[in-house]
Amino acid sequence: MPNTPGNFTAIVIDFETTGLSPGYGDRTIEVGAVLISDNRIVDRYQSLMNPEIRVSGFIENFTGITNAMLASAPPIIVVMNQLRAFIGNHHLVAHNAGFDSRFLDAEFRRIDHTRTNEFACSMLAARRLYPEAPNHRLDTLVAYKRLKSDGVHHRALADAEMTAHLCLQMIVDLETGYGIRPVTFRLIQQLAKVPRKKVHDFLSKSACRGK
DNA sequence: TGCCAGGCCCTCTTTAGGGCCTT
């Protein structure tokens with residue numbers, strides 16, 4: 001679906017995992033994904049999944065996801081096939097996208113699927129758009145921008161929804177603060193890669209191109 | 001049980017080091 005004013009379309013995704021590195025054997029234990037379209041969340045997907053390895057006490061405390069909960073969860077391969085169907089051909093957004101893309105790609109490889117969807121990183125974009133924020137952790141940015149939150153942290157769907165609200169806020173701020181219309185997925189993706197000292201020039205030129 | 005990474009980005013930089021982010 002093309003991006004038209006008020007119709008930024010992307011899937012915002014978040015994983016809870018057993019650790020930081022799929023290359024060292026870490027696996028996904030929960031995924032949350034929300035579809036943003038027409039400046040709002042229009043669809044959601046969430047599932048726990050059984051990694052078939054025990055998660056550490058740290059992860060149990062960090063996420064609230066216990067080994068007992070995962071024992072009765074569906075296998076990762078089942079969830080990945082459902083996730084693949086939910087994602088479809090949509091663009092993807094994640095907070096620190098390098099992390100989630102590595103896990104997504106690693107789990108997709110196990111179902112013989114290669115991701116072709118492009119990622120944009122809300123953390124890198126927020127660093128450029130909100131350089132004055134105390135830091136650029138997801139929960140800090142949600143509080144800083146006074147975004148909608150149910151108070152749940154480090155659960156996949158809650159984090160995906162917070163990231164989606166952050167993304168929608170960045171779109172509003174780019175529209176109202178810089179006069180950029182429409183704010184496309186491509187613009188957010190490019191903003192995240194612009195050298196910080198050139199952000200102002202990039203946004204000024206983006207505003208001119210939209211006129 | 002505790003450990004493991006990788007990319008970005010700044011600076012006391014570029015023949016490097018360390019903090020920030022994600023779980």
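Every chain is numbered from 1, with letters handed out A, B, ... down the list of sequences.
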Pairwise N/O distances under 3.5 Å, protein to nucleotides 20-23 of chain B:
{"residue": "B:dC21", "atom": "OP1", "partner": "A:H136", "partner atom": "N", "Å": "2.6"}
{"residue": "B:dC21", "atom": "OP1", "partner": "A:H136", "partner atom": "ND1", "Å": "3.3"}
{"residue": "B:dC21", "atom": "O2", "partner": "A:N96", "partner atom": "ND2", "Å": "2.7"}
{"residue": "B:dT22", "atom": "OP1", "partner": "A:L138", "partner atom": "N", "Å": "2.8"}
{"residue": "B:dT22", "atom": "O4'", "partner": "A:N96", "partner atom": "ND2", "Å": "2.9"}
{"residue": "B:dT23", "atom": "OP1", "partner": "A:D159", "partner atom": "OD2", "Å": "3.4"}
{"residue": "B:dT23", "atom": "O3'", "partner": "A:E16", "partner atom": "OE1", "Å": "2.6"}
{"residue": "B:dT23", "atom": "O3'", "partner": "A:T17", "partner atom": "N", "Å": "3.0"}

Taking atom C1' in both B:dA16 and B:dC12, compute the distance separating them and give it to the nearest angstrom. 11 Å
Interatomic distance, A:L129 CG vs B:dC8 P [rounded to whole Å]: 19 Å
For B:dC3 versus B:dT23, give the span between their C1' atoms, rounded off to a whole number of Å. 14 Å
If I pick the P atom on B:dC4 and the same atom on B:dG18, what distance separates them, to the nearest angstrom? 15 Å
Heavy-atom closest pair, residues A:E118 and A:F185: O-CZ, 3.6 Å
Minimum heavy-atom distance A:A156-A:V31, with the two atoms named: CB-C, 3.4 Å
Integer-rounded Å distance: B:dC10 C1' and A:R196 CZ: 8 Å
Do A:D26 and A:T17 have a side chain donor and acceptor closer than 3.5 Å? no
To the nearest Å, how far apart are A:D26 CG and B:dG6 C1'? 13 Å
Pick the C1' atom in B:dG19 and in B:dT13, then give their distance to the nearest Å. 15 Å
Classify the side-chain pair A:E16/A:T63 by whether it contains a donor and acceptor separated by less than 3.5 Å. no
Distance check, P atoms only: B:dG7 and B:dG2, in whole angstrom units. 28 Å
Suppose you measure atom C1' in B:dC8 against the same atom in B:dT14; what distance do you get, rounded to whole Å? 16 Å
Report the C-alpha distance between A:E161 and A:K148 in whole Å, list the side-chain angles of each, state the deciding distance to 0.1 Å, and finish with yes or no for salt bridge (charged side-chain N to carboxylate O under 4.0 Å, His left out). CA-CA 9 Å; A:E161 294 208 16; A:K148 182 180 177 183; 5.9 Å; no
For DNA chain B, whose closest nucleotide is more 5', that of A:A192 or that of A:S56? A:S56
List the atom of A:N50, the atom of A:A71, and the distance in Å for their closest heavy-atom pair. ND2-O, 3.6 Å
What heavy-atom pair brings A:E60 and A:T66 nearest, and what distance separates the two atoms? OE2-CA, 3.3 Å
Figure out the CG/P separation between A:N61 and B:dT1, and round it to whole Å. 11 Å
